[in-house]
Structure formats: structure tokens, C-alpha cells
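Worksheet for the structure shown next.
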Amino acid sequence: MRNKEIARIFNEIADMYEMQDIDFKPRAYRKAAQNIESLGKDIEEIYEDDELKNIPGIGESTAEEIKEYLDTGKVQRLEKLKTDMPVDLRSLSAVETIGPKKIKVLYQQLGVSNLDDLEQAAKQGKIQDLEGFGKKTEENILANISFAREKGQRFLLGYVLPEAKEIIQELTDQVDQIELAGSLRRMKETVGDVDILVVSSESEKVMDYFTNLDRVEQVIAHGKTKSTIRLYGGIQVDLRIVNKQSFGSALQYFTGSKDHNVKLRKIAQKNGLKLNEYGLFEDDKRKAGESEEKVYQKLDLEWVPPELREDIGEIDAAKQNSLPNLIQYDDVNGDLQMHSNWSDGSNTMKEMIEESRNLGHSFIAFTDHVGTLKVAGGMDKKEWEKQGEKIAEFQKKFDDIHIFHGLEANIKKNGDLDIDSSFLKEADVVLASVHSSFRLPKKEMTKRIIKAIENKYVHILSHPTGRKIQKKEAINLDLDAVFKAARKNDVAIEINAYPERLDLNDVHVHRAINKNVKLSIGTDAHRKDHLRYYSLGTAVARRGWAQKKDIINAFSLSKLKNFLNKTQ
DNA sequence: GCCGTTTTCGGCCCGACTGTTTTCAGTCG
């Protein structure tokens with residue numbers, strides 16, 4: 001799949017045009033990029049079938065440029081634009097409040113072309129004197145530059161996991177045993193690379209097969225027991241071949257985390273044993289190794305689910321047989337945030353409902369934007385009521401899925417919602433979320449959010465911290481105070497399952513459930529392909545030690561309705 | 001540059017917010 005690369009190129013072209021003050025082309029390229037990125041189908045296949053122009057937003061020139069890129073690895077248009085303005089656009093625009101226009105000025109006036117130049121110029125106080133800049137802008141640059149630097153070092157779980165699973169699928173027939181390891185198996189929100197472990201008697205054949213997969217851009221290492229490849233899109237994949245009798249201990253070893261493993265080895269040592277990737281040994285005698293369960297068992301520990309292996313108390317809990325009974329991936333019965341084309345989603349409600357039924361959901365909530373967020377198609381009351389009539393019709397047609405009619409309202413700067421209560425009280429599910437004024441001081445922000453939670457019509461505080469992984473920092477918030485208010489007012493806090501949000505994150509989930517706060521999983525899907533991300537929300541819940549009782553999506557429908565009926 | 005026609009040209013989600021100005025441009029969603 002090279003969709004992402006092409007999307008990146010089109011986005012870069014859009015940035016370049018924006019810098020040159022050219023109208024509309026940026027939007028066209030961005031739209032093309034967006035549609036390619038969430039295609040859910042391999043663009044090379046579409047090219048081979050000569051169907052590129054059937055992709056919405058792709059026309060004559062962009063289709064040609066996709067072909068050009070797939071054939072030659074370059075797009076001349078971008079190369080030319082880069083010669084005119086040789087700046088590292090992507091890392092520079094990762095600094096909040098710095099966009100194409102400002103970058104242009106910085107380059108032309110000060111010769112700034114990368115983050116190092118930018119930092120130097122800011123430190124020397126050269127930026128505040130530029131026209132359109134000022135002291136605050138300069139301070140802001142210095143404050144945000146390290147965040148911008150970290151961007152792009154790791155890959156998002158939600159985008160890597162499907163590809164890793166595909167690779168496993170492709171290899172399965174070639175091997176005796178296969179399993180994902182590493183941070184991907186622990187379902188960490190970002191991963192540095194992909195680790196795959198296999199058992200096979202024909203190691204050379206397996207390695208040849210692996211290094212010749214279609215998706216390989218470069219073979220970095222090709223050995224008998226370990227090979228490393230880099231995929232189109234940049235991520236590296238390690239494949240290791242181990243002996244059958246060591247598979248469990250190797251899986252344990254390569255799953256990590258490092259801290260978890262150090263503790264485990266210490267326990268082994270204390271008991272006169274030695275633990276490594278080849279097995280658990282007493283002198284030279286193998287006590288365990290074939291299965292992970294046996295390794296833990298021989299150390300007098302409960303088997304620890306991979307999501308918990310971060311050395312934050314799970315080993316003590318495993319010792320005392322008191323690991324939490326984690327929510328299971330199939331405990332989640334439905335999705336409590338999604339958007340249709342009634343606001344800014346791409347698919348019709350019918351398409352979203354059908355896909356949700358395919359995923360086995362027994363309930364969903366449409367939570368389209370309302371109110372002042374016009375850019376996201378915010379509906380007025382009349383439109384929203386029309387949507388409700390349509391939902392009632394669908395409900396008659398489908399008796400296997402319950403459809404809540406919800407909405408997503410904006411929390412204004414002062415904590416009020418941007419629609420009035422006569423509107424709010426008609427909704428089955430009210431999400432409240434921040435879409436503006438992200439940079440208030442902590443105290444003011446906390447007050448603002450708590451005010452929204454105290455609104456008696458609000459059921460769920462959605463994407464509570466607003467962070468986007470590697471893109472946008474969290475708002476400044478006293479989360480413990482927010483949790484306290486949420487519990488008091490019976491408001492659930494969302495685990496937004498969209499790959500770049502995962503907000504709340506695992507650490508926050510842990511804190512929330514310790515305060516008995518209920519949590520809600522919503523994909524925030526803006527097209528039907530996004531609906532499958534709900535399991536990422538479950539992964540975050542598991543990493544935060546959540547159980548079935550903590551997650552309202554795991555409630556029975558009647559219990560969930562009860563939870564949502566607080567104002568009636 | 002793409003789209004969809006009132007079919008080969010004209011329109012393209014736009015409002016809030018911030019920091020810069022002193023009435024507005026750039027950024028963000």
C-alpha cells in the first residue's frame with residue numbers, strides 16, 4: 001500500500017501552493033490526499049485497473065501524477081516547487097501557529113529553511129521584528145520547537161496494526177507458528193517498528209519469502225534467523241525465527257516492555273533460575289519456554305496480558321493473583337461517536353449503519369456536529385430534527401441494531417455549549433467537546449470543562465484533552481478535577497478511538513477508573529472505514545486496566561439507556 | 001486542480017480566535 005506516500009506528496013504540493021498564495025489548488029490537492037489516504041484499497045491496484053479517475057477528487061493531472069510517482073518514484077511538479085522554495089516544510093509547519101505564509105516570510109527574510117535555523121533565529125530575537133510577527137510569536141516558536149522535533153519518529157498503532165496483520169496473514173502458510181511481538185503486541189499508541197516471531201523448519205525459505213514481499217521497499221538485513229525490511233511508508237519490520245521449544249520465552253522476551261522483563265528476570269534469579277529468550281532454566285535444565293503461560297507459571301505468576309506489561313504494578317498483581325479482569329475485545333457492543341454526511345462525514349447514515357452491522361455492533365450513536373462549527377457542517381435544529389426522522393425510518397428497517405440520535409456540541413470559551421437546552425434535551429446522546437480556544441491557562445480551562453460537565457444534558461465529554469499524537473499537544477487541564485466532576489454528574493469520559501487521538505490515553509484511563517469514572521468508546525468515524533478502529537479504544541482501555549464495568553459500551557442496551565436517561 | 005453543470009467555465013464548507021494590527025492576516029478546525 002503506497003496510498004500514504006502519495007497522500008503525503010499531495011499534501012506537500014498543497015503546502016507549497018499555499019505558500020505562494022495560490023487559491024484553490026491547495027484545497028484540490030488536500031482533498032485528493034485525504035481521499036487517497038482513507039481509500040481502504042491499494043492505489044497500485046486501482047492504477048493497474050485504470051480506475052484512478054474514479055476516485056473522488058482525482059482528475060486529469062492528479063491521476064497523471066499518481067502514475068508518475070508509482071512509475072518513477074518522483075513527481076516533477078513537487079520537485080520544481082521545492083527548487084523554488086527549498087525549505088523543510090513539513091517539520092516547520094509542525095510548530096503550532098506556524099503555517100505556509102509565515103514560513104515563506106521566514107525563508108525570504110531570514111533564510112530559515114529548517115527547525116535548527118528557526119530555533120537559532122528565535123533565540124537571537126530576529127523573528128519578533130518581522131512584519132506580521134511579534135514577541136508572542138517568537139516565544140511560541142521557542143516553546144513548541146521541541147515538540148515539533150519529536151514528531152514523526154514513531155508510527156501510529158492504528159495505521160501499523162492492519163498492515164502488520166496483513167503480513168502475518170501472508171506468512172502464515174509458510175510457517176509452523178507465528179505471533180506479533182514488541183510494542184505492537186502491547187498495543188502501545190505508537191510503535192517504532194514491527195516485530196514478528198515465527199517457528200519454522202525451513203528458515204531460508206521463509207526469509208526469502210519475507211524479504212521478497214511486494215510491500216518491501218528495502219531489505220536492510222537478510223539472515224538465517226533474523227531479517228529486517230523497510231516497507232513503503234517507512235516502517236521497519238523484523239522477522240525472527242526461533243526454535244519451537246523457545247517460542248514462548250522468545251515471545252515473552254521480544255514483547256517487553258524492557259522494564260517488565262527486567263523485573264521478571266530478577267524474580268527468576270531470586271528463585272535460582274535464569275530467564276532469557278531461549279527459556280527459563282535451572283542450571284542447564286529447561287523449566288519452561290515453549291509457551292508464555294508456562295514461563296509465567298513457573299515464576300509463580302499469573303499470565304500477564306501484553307497490554308499490561310509496562311511495569312506499573314502488574315507484576316505484583318500477578319504475584320497476588322489480583323490482575324484485573326480486563327475488558328475483552330468482544331465485550332464492546334457499539335460505537336458512541338460517529339459522523340455521517342449530515343455534517344462532515346463522507347458516508348450516508350445507511351452506509352454507516354450497514355458497516356456497523358457488519359462489525360457486529362448492537363447499538364450506535366450518530367453524533368453529527370451541530371451549532372456554530374460550520375466548517376464541520378454544524379446543523380441547526382431544523383436539520384437535526386430532519387435527521388431524527390430519517391433515523392426513525394432506519395430503526396424500523398433494522399431490528400438488530402439500536403440507533404441513538406445524538407449530537408456533538410461545542411464547548412465555548414466560557415464553558416457554555418453553543419446550542420441551547422431546548423435543542424440539547426431532545427438528543428439521546430450529547431457529546432460535548434472543545435474545538436476552539438485550545439490555549440487557555442490550566443485553571444481557566446479546567447473551569448471551562450467542568451462547567452460543560454455540569455450541564456445536565458451532557459452525557460459524554462468527547463476527546464477530552466484534544467491531543468493528536470505527534471501533531472497537537474493536549475490542552476492544559478487538571479484531569480483529576482475533571483474526573484471528580486464527571487463522576488459527580490454521571491458524565492462519561494470518552495476514549496476517542498481514532499488512531500491519532502486515542503484520547504483519553506492509557507495512563508489517564510488508569511487514573512479515571514481508580515476514581516470510578518465511567519468511560520465511553522467512540523471512533524469519531526468520519527467515513528465507514530474508520531468504524532473498525534473501535535478496537536483501538538478497547539486496547540487503550542485494557543492498557544489502562546479497565547474492566548467491563550468501567551466501559552459503557554460494554555453495558556447491555558437497557559443499562560446503557562438507563563445511563564443516558566439521567567435527565568428524563 | 002476538480003467538479004458539475006444553468007455542460008468547457010465559474011465556483012470552491014467558513015467562523016473563531018490570536019496576535020498583529022489600528023482594521024486585518026494567518027492559522028486552525
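Proteins get letters first, then strands, A, B, ... in listed order; numbering begins at 1 in each.
For the OP1/OP2 pair of B:dC28 and a distance below 4.0 Å, the side-chain nitrogens and oxygens of A:Arg439 include no atom meeting the criterion. The side chain of A:Thr372 places no N or O atom within less than 4.0 Å of a non-bridging phosphate oxygen (OP1 or OP2) of B:dA16. Contact annotation: A:Arg27 reaches the phosphate of B:dC13 (side-chain N/O to OP1 or OP2, under 4.0 Å). The phosphate of B:dC2 has OP1 or OP2 within less than 4.0 Å of a side-chain N or O from A:Thr62. Under 4.0 angstrom from either OP1 or OP2 of B:dC28 there lies no side-chain N or O belonging to A:Ser436.
Side-chain atoms of A:Asn496 never come within 3.5 Å of backbone atoms of A:Arg501 as a donor-acceptor pair (strictly under, hydrogens ignored).
Nucleotides B:dG15 and B:dG10 place their P atoms 25 Å apart, quoted to the nearest Å. Taking atom P in both B:dG29 and B:dT23, one finds a spacing of 30 Å when rounded to whole Å. Across B:dC13 and B:dT5, the matching P atoms stand 16 Å from one another, rounded to whole Å. Only the C1' atoms considered, B:dG26 is 10 Å distant from B:dT20, to the nearest whole Å. With both ends at atom P, the span from B:dC12 to B:dG19 equals 31 Å, rounded to whole Å. One C1' atom belongs to B:dT8, the other to B:dG1, and the distance between them is 15 Å to the nearest Å.
Of the residues near DNA chain B, A:Thr137 and A:Arg77, the one whose nearest nucleotide (by heavy atom distance) lies more toward the 5' end is A:Arg77. Closest-nucleotide positions on DNA chain B for A:Gly134 and A:Asp23 were compared, and the one nearer the 5' end corresponds to A:Asp23.
Annotation: ring-ring contact (aromatic ring centres under 6.0 Å, His included) contacts of A:His463 (sequence neighbours excluded): A:His435. Looking at residues two or more places apart in sequence or on another chain, you find a side-chain contact (heavy atoms from CB on, under 4.5 Å) between A:Lys390 and A:Trp342, A:Met349, A:Phe394. By the ring-ring contact (aromatic ring centres under 6.0 Å, His included) test, A:Tyr534 is found to be paired with A:His361, residues two or more places apart in sequence or in another chain being considered.
Here A:Pro56 lies in heavy-atom contact (under 4.0 Å) with sugar-phosphate atoms only. Within the 4.0 angstrom heavy-atom criterion, no nucleotide atom of any strand lies near A:Lys31.
Partner assigned to B:dG15 is B:dC28, using Watson-Crick or G-U wobble distances below 3.5 angstrom.
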Show me the donor-acceptor pairs, under 3.5 Å and distance only, between side chains in residues 69-80 of chain A and residues at least two apart or in other chains.
unit_1, atom_1, unit_2, atom_2, d
A:Tyr69, OH, A:Glu5, OE1, 2.6
A:Asp71, OD1, A:Tyr47, OH, 3.3
A:Asp71, OD2, A:Tyr47, OH, 3.0
A:Thr72, OG1, A:Glu68, O, 2.7
A:Thr72, OG1, A:Lys74, N, 3.2
A:Thr72, OG1, A:Lys74, O, 3.1
A:Arg77, NE, A:Tyr29, OH, 2.8
A:Arg77, NE, A:Glu65, OE2, 2.5
A:Arg77, NH1, A:Tyr17, OH, 2.6
A:Arg77, NH2, A:Tyr29, OH, 3.4
A:Arg77, NH2, A:Glu65, OE2, 3.0
A:Lys80, NZ, A:Asp84, OD2, 3.3

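Residue A:Lys136 has its side chain nearest to B:dG19 when only B:dG19, B:dC17, B:dG29 are considered.
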List, with names and distances, any nitrogen or oxygen atoms from the protein found under 3.5 Å away from nitrogen or oxygen atoms belonging to nucleotides 21-26 of chain B.
none

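With respect to A:Ile460, the side-chain contact (heavy atoms from CB on, under 4.5 Å) criterion is satisfied by exactly one of A:Thr367, A:Val429, A:Val491: A:Val429.
Listed by first then second residue, pairs satisfying side-chain hydrogen bond (donor to acceptor under 3.5 Å, both in side chains) with a partner in residues 102-113 of chain A read A:Ser113-A:Asp117, not counting sequence neighbours.
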